[in-house]
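Have a look at the structure below, then the notes.
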Amino acid sequence: MNTLCRSIALGFCALAFLLPLRAQTGTASSDAVAQIRQRYAEAHEMMAYNNTSLETQNQLTVNGSFMCPGTGHRDEQIQYFFTTDFDEDSGNYASSPYFIMRSYNVAARRFYEEFLYNNQGDLIFSYFKGDDFEGGTAECRYYWNDGGELVHKQIQGQPEQDPVLTCRLSYDLLEAFHRLMNREF
């Protein structure tokens, strides 16, 4: 009986310690999501200004139209929205994307993706929307903190987009941008 009482007491102590820790983590997650949503709104303001200002046309659009074995014709569009700043180290101007939009099809299914980056070029938000096999739509939203840790996700429908694949795709798109825009002549 004495051992049972000690086990129960230890369990309550652990709960007393872990619950506030979980609440702090939840608050930190909520704060990170709120900051990312603010950055998302700022990115859309910059994109809207970009579309109205002739002096800051910092948008690159890449279009592809090709045949894929097994699925047929595929159209893909990638839009990069970026800033260009002077790099003190290299003595050149360098462009950095802050937002990427990608839309494409696989056979008759349509897909759309967004990637939002912080000022250091790290992925902090991704959005995926695509047709599922049952005629519905799947949506995934992933939020990462500045350390690259997934802090929140929202999933609607099936299938869920893999967050690791999402990160890899995001950085592949970044690398393609840098190869196009930041080469030395």
From CA spacing to verdict: side chain to side chain contact (heavy atoms under 4.5 Å, CB included), I36, L116: CA-CA 9 Å; I36 291 167; L116 176 68; 4.3 Å; yes

CA sep, side-chain torsions, deciding dist, call: M46, T83, side chain to side chain contact (heavy atoms under 4.5 Å, CB included): CA-CA 10 Å; M46 289 169 51; T83 59; 3.8 Å; yes

Step-by-step side chain to side chain contact (heavy atoms under 4.5 Å, CB included) determination, E88 to F86: CA-CA 6 Å; E88 297 286 337; F86 188 73; 3.8 Å; yes

R39 vs F125, side chain to side chain contact (heavy atoms under 4.5 Å, CB included): CA-CA, chis, key distance, verdict: CA-CA 10 Å; R39 171 80 175 162; F125 173 76; over 6 Å; no

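When every heavy atom of A32 is checked against every heavy atom of V151, the shortest pair comes out as CB-CG2, 4.1 Å. In terms of heavy atoms, Y80 sits closest to L173 at OH-O, 2.9 Å. Nearest approach of D131 to F111, heavy atoms of both residues: O-CE2, 3.9 Å. Pairing each heavy atom of Y171 with each of G121, the nearest pair is CE2-O, 3.9 Å. The two residues Q161 and L165 make their nearest non-hydrogen contact at NE2-CD2, 4.1 Å. Smallest separation of non-hydrogen atoms from A94 and D87: CB-CB, 4.5 Å.
Between atom CD of residue Q35 and atom OH of residue Y143 there is a gap of 13.0 Å, rounded to the nearest 0.5 Å. Note that the CG atom of D172 and the SG atom of C167 stand 11.0 Å from one another [nearest 0.5 Å]. Taken to the nearest 0.5 Å, the CD atom of E149 stands 9.0 Å off from the OG atom of S29. One distance of note links OH of Y104 with CD1 of I78; it measures 10.5 Å at 0.5 Å rounding. Atom OG of residue S96 and atom CE of residue M181 lie 10.5 Å apart, to the nearest 0.5 angstrom. Rounded to the nearest 0.5 angstrom, N92 CG and D85 CG are separated by 13.0 Å.
In terms of modelled atom types and a separation under 3.5 Å, the side chain of N105 and the main chain of H73 share a donor-acceptor contact. A donor-acceptor pair under 3.5 Å is formed between the side chain of T166 and the backbone N or O of D162.
Within the 4.5 Å cutoff, the side chain of Q77 has heavy atoms near those of the T61 side chain. Here the side chains of V33 and S30 are not in contact, with every heavy-atom distance at 4.5 Å or above. For the pair K129 and T137, the minimum side-chain heavy-atom distance is below 4.5 Å. Using a 4.5 Å heavy-atom cutoff, the side chains of P97 and L174 are in contact. In this structure, the side chains of M101 and F99 come closer than 4.5 Å at one or more pairs of heavy atoms. Between F81 and N58 there is no side-chain heavy-atom pair separated by less than 4.5 Å. No side-chain heavy atom of I124 sits under 4.5 Å from any side-chain heavy atom of Y40. At least one side-chain heavy atom of F115 sits under 4.5 Å from a side-chain heavy atom of L169.
Within 6.0 Å of the OH atom in Y93, the count of heavy atoms belonging to other residues, nucleotides or ligands does not exceed 12. By the 6.0 Å contact criterion, CZ on R74 is enclosed, its count of non-hydrogen atoms from other residues, nucleotides or ligands being greater than 12.
Aromatic ring pairs are classed by plane angle as parallel below 30°, tilted from 30° to 60° and perpendicular above 60°; the pair F82 and F177 is tilted. In this pair, W144 and Y142 present their aromatic rings tilted. The plane angle is within the 30 to 60° band.
Residues meeting the salt bridge (charged side-chain N to carboxylate O under 4.0 Å, His left out) test with R141, sequence neighbours left out: E139.
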